[in-house]
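Read through the structure below, which is laid out as structure tokens, and then see the notes.
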Amino acid sequence: MNIRPLADRVVIKMVEAEETTKSGIVLPGSAKEKPQVAEVIAVGPGTDEVKMEVKVGDKVLISKYAGTEVKMDGVEYTILKQNDLLAIVE
């Protein structure tokens, strides 16, 4: 099943990176604070007022509590407006 966002909305998937402490203990993504880096999965067409500046595959920074979380086919996605994105990570 595909998600096709409308207007100036973007579908993202959070990037969960494992982190290793100084002592060598690996912390899984679930043991850390909610990540703020995500990958763009789908982009809406934009509106007359809003030109879409991100594309599929971009890594972006988002606000901690931005968007609406949805779960499809066992995968969690977040749908939010483009103006909730803070930056593109290059």
Side-chain angles (χ1 to χ4, degrees):
M1 179 180 297
N2 281 339
I3 301 174
R4 188 170 51 99
L6 302 174
D8 61 341
R9 290 181 177 78
V10 178
V11 178
I12 59 171
K13 181 178 175 187
M14 302 310 280
V15 175
E16 287 195 30
E18 290 185 341
E19 184 177 300
T20 305
T21 63
K22 289 181 182 178
S23 61
I25 298 172
V26 176
L27 297 174
S30 60
K32 298 187 319 180
E33 189 174 304
K34 183 179 176 184
Q36 293 180 319
V37 176
E39 180 179 354
V40 176
I41 303 298
V43 178
T47 64
D48 292 338
E49 297 83 27
V50 179
K51 176 182 173 270
M52 300 307 285
E53 297 181 28
V54 295
K55 62 185 181 305
V56 173
D58 281 349
K59 297 271 193 248
V60 294
L61 294 176
I62 65 164
S63 299
K64 190 179 273 190
Y65 301 107
T68 301
E69 294 179 1
V70 295
K71 191 171 191 176
M72 298 193 67
D73 299 329
V75 181
E76 289 190 16
Y77 299 101
T78 303
I79 301 174
L80 44 77
K81 289 191 168 219
Q82 179 177 256
N83 64 1
D84 289 332
L85 300 176
L86 302 176
I88 297 174
V89 179
E90 294 181 344

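Residue numbers run from 1 in the order of the sequence given.
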### Query
Taking only residues two or more places apart in sequence, or in another chain, which ones meet E53 in a salt bridge (charged side-chain N to carboxylate O under 4.0 Å, His left out)?
none
### Message
Once salt bridge (charged side-chain N to carboxylate O under 4.0 Å, His left out) is applied, do any residues pair with D58, and if so which ones, sequence neighbours excluded?
### Response
K55
### Message
With side chain to side chain contact (heavy atoms under 4.5 Å, CB included) as the criterion, how do L85 and V54 come out once you've worked through the C-alpha distance, each side chain's angles and the decisive distance to 0.1 Å?
### Response
CA-CA 9 Å; L85 300 176; V54 295; 3.8 Å; yes
Is there side-chain contact between [X] and [Y], with heavy atoms separated by less than 4.5 Å?
X: I41; Y: V56; result: no
X: I12; Y: E39; result: no
X: I88; Y: K59; result: no
X: T78; Y: T68; result: no
X: V37; Y: V60; result: no
X: V40; Y: V11; result: no
X: V10; Y: M52; result: yes
X: K13; Y: E76; result: no

### Message
Under the criterion side chain to side chain contact (heavy atoms under 4.5 Å, CB included), I'd like the reasoning laid out for I62 against D84: C-alpha separation, chi angles, the key distance, then a yes or no.
### Response
CA-CA 7 Å; I62 65 164; D84 289 332; over 6 Å; no
### Message
Let me confirm one number: the OH-CE distance from Y77 to M72, rounded to the nearest 0.5 Å.
### Response
8.0 Å
### Task
To the nearest 0.5 angstrom, please state how far the OG1 atom of T47 sits from the CD atom of Q82.
9.5 Å
### Message
Grouping I, L, V, M, F, W and Y whenever their side-chain heavy atoms are under 4.5 Å apart, do L6 and V43 come out in a common cluster?
### Response
no
### Message
Please find the pair of heavy atoms, one from A42 and one from P5, that lie closest to each other, and give the distance.
### Response
CB-CD, 3.6 Å
